[in-house]
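Below is one structure; the comments refer to it alone.
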Amino acid sequence: MTEIWQRPWWFTNSSKPLLQPTWSYLLDNHGSLLHSHLFSALFPAAAYFVICTWFSCLMLIGPSQWRVPRPQILAVGHRSPSERECVVHTLLLSLFFVLPAAVLQSVLRTHIELPSRAPTILELGMGLMASLLLFDTQYFVWHGLHHVCPGLYRSVHAKHHQDHSGLELPISLAHLLPWGLYGGPAYHDKHHKSHKWHLAPYFIHWDRLAGTLAP
Ligand SMILES: [Zn+2]
Ligand SMILES: [Zn+2]
């Protein structure tokens with residue numbers, strides 16, 4: 001298989017990655033599926049559904065101390081929806097927005113040939129961290145725009161603020177990463193209470209730079 005995918009500088013040269021047997025098996029037996037547009041559209045959407053379902057189950061049946069308290073202050077005339085209503089709403093959003101967006105993204109993307117060598121665990125971790133940092137950046141801008149433009153806030157983002165819920169799990173990146181670099185649920189919860197601070201979803205560096213980090 002041709003190595004047309006350029007490895008970033010921080011990729012190591014470990015001779016035998018732990019994931020190599022699984023990686024080779026998948027490429028040798030399901031290579032055409034992995035490279036297909038159908039797979040690249042359905043896999044992220046399916047992963048999103050599975051992860052949403054898992055967290056929804058934790059929300060419904062998990063220990064109550066893991067749940068971030070629902071907002072006390074709601075817009076006049078707005079009833080706080082039940083957990084069940086939130087689950088249905090999330091599923092509808094996933095079906096009508098996430099799935100079509102995944103299909104569109106897969107159709108528009110250029111063909112990517114997967115390398116024959118598997119990534120090491122370190123490379124996988126670095127890749128995941130880079131994805132989180134990238135998403136954090138674009139979401140910070142997108143989220144900030146919704147709070148700056150009243151029309152955008154009312155028509156799109158207000159629903160998220162009214163239906164706010166969350167989980168503070170005992171093991172999470174917020175507890176694993178040092179120096180409070182990762183804000184976590186408590187950090188995002190402060191945004192729901194103030195609407196002013198903490199616009200980034202994960203890390204705190206953009207809020208620090210933009211002056212939107214709570215004093
Ligand atoms: Zn939120
Ligand atoms: Zn917001």
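Note that the numbering runs from 1 along the sequence shown for the chain.
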Item to complete: Following the transitive rule for hydrophobic clusters with a side-chain heavy-atom cut-off under 4.5 Å over Ile, Leu, Val, Met, Phe, Trp and Tyr, establish whether Tyr182 and Phe135 coincide in one cluster.
Response: yes
Worksheet entry | Minimum side-chain heavy-atom gap Thr212-Trp206 below 4.5 Å | no
Worksheet item: Is there side-chain contact between His192 and His160, with at least one heavy-atom pair below 4.5 Å?
Response: yes
Item to complete: Measure the CG-NZ distance between Leu213 and Lys190 for me, rounded to the nearest 0.5 Å.
Response: 8.5 Å
Worksheet item: Transitively linked via ILVMFWY side-chain contacts under 4.5 Å: Val148 with Trp142?
Response: no
Worksheet entry | Approximate separation, where rounding is to 0.5 Å, of Leu60 CG and Phe55 CZ | 13.5 Å
Worksheet item: Shared ILVMFWY cluster between Tyr25 and Phe43, side chains joined below 4.5 angstrom?
Response: yes
Worksheet item: If you measure from CZ on Arg117 to OG on Ser24, what distance do you get to the nearest 0.5 Å?
Response: 11.0 Å
Discussion item. To the nearest 0.5 Å, what is the distance between CG on Leu128 and CG on Leu133?
Written reply: 11.0 Å
Worksheet item: Minimum heavy-atom separation for Gly151 to Ser155, with atom names?
Response: O-OG, 2.7 Å
Worksheet item: Should His37 and Gln105 be marked as a side chain to side chain contact (heavy atoms under 4.5 Å, CB included) after you check the CA-CA gap, both sets of side-chain angles, and the distance that decides it?
Response: CA-CA 9 Å; His37 281 290; Gln105 187 189 351; over 6 Å; no
Worksheet item: Heavy atoms, side chains only, cut-off 4.5 Å: are His205 and Asp136 in contact?
Response: yes
Discussion item. For the backbone of Thr120 and the side chain of Glu123, can you confirm whether one donor and one acceptor N or O come within less than 3.5 Å of each other?
Written reply: yes
Fill in: Neighbour count >12 (heavy atoms, 6.0 Å) for atom CG, Leu34
yes
Worksheet item: Measuring from Ser56:OG to Ile51:CD1, what's the distance to the nearest 0.5 Å?
Response: 11.5 Å
Worksheet item: Do the ring centers of Phe39 and His30 come within less than 6.0 Å of each other?
Response: no
Item to complete: Taking all heavy atoms of Gly211 and all of Trp197, pick out the closest pair and write down the distance.
Response: O-CZ3, 3.8 Å
Worksheet item: Closest approach of Leu114 and His35, non-hydrogen atoms and distance?
Response: N-NE2, 3.1 Å
Fill in: Student check: side-chain heavy atoms of Pro17 and Gln20 closer than 4.5 Å
yes
Fill in: Heavy-atom check, side chain of Trp66 versus side chain of Glu168, under 4.5 Å
no
Worksheet entry | Leu33 side chain near Leu26 side chain, heavy-atom distance below 4.5 Å | no
Worksheet entry | Lys193 side chain reached by His198 side chain, heavy atoms, under 4.5 Å | no
Discussion item. I'd like to know if the side chain of Trp23 and the backbone of Pro115 have a donor-acceptor N/O pair within less than 3.5 Å.
Written reply: yes
Practice prompt. Looking only at non-hydrogen atoms, find the nearest pair between Tyr187 and Ala200 and report the distance.
Written response: CE2-O, 3.2 Å
Worksheet item: Which heavy-atom pair separates Gly144 from Leu199 by the least distance, and what is that distance?
Response: CA-CD1, 4.1 Å
Discussion item. Let's go through Tyr153 and His161 carefully: what are the C-alpha distance in whole Å and the side-chain angles of both, what is the deciding distance for ring-ring contact (aromatic ring centres under 6.0 Å, His included) to 0.1 Å, and is it a yes or a no?
Written reply: CA-CA 10 Å; Tyr153 178 81; His161 271 263; 5.7 Å; yes
Discussion item. Any non-hydrogen side-chain atom of Leu132 less than 4.5 Å from a side-chain atom of Leu173?
Written reply: yes
Discussion item. Rounded to the nearest 0.5 Å, what separates atom CG in Leu42 from atom CZ in Phe49?
Written reply: 10.0 Å
Worksheet item: Mind checking whether Val88 and Leu93 sit in one hydrophobic cluster, side chains of I, L, V, M, F, W, Y counted as touching below 4.5 Å?
Response: yes
Practice prompt. Verify the neighbour count for atom CD1 of Ile171: are there more than 12 heavy atoms of other residues, nucleotides or ligands below 6.0 Å?
Written response: no
Item to complete: Before giving the answer on side chain to side chain contact (heavy atoms under 4.5 Å, CB included), spell out for Leu99 and Tyr48 the whole-Å C-alpha distance, their side-chain angles and the decisive distance to 0.1 Å.
Response: CA-CA 9 Å; Leu99 192 61; Tyr48 182 83; over 6 Å; no
Worksheet entry | Closest heavy-atom pair and its distance - Ala174, Gly183 | CB-O, 4.3 Å
Discussion item. Against His157, only a single residue in His143, His146, His195 fulfils side chain to side chain donor-acceptor pair (under 3.5 Å); can you say which?
Written reply: His143
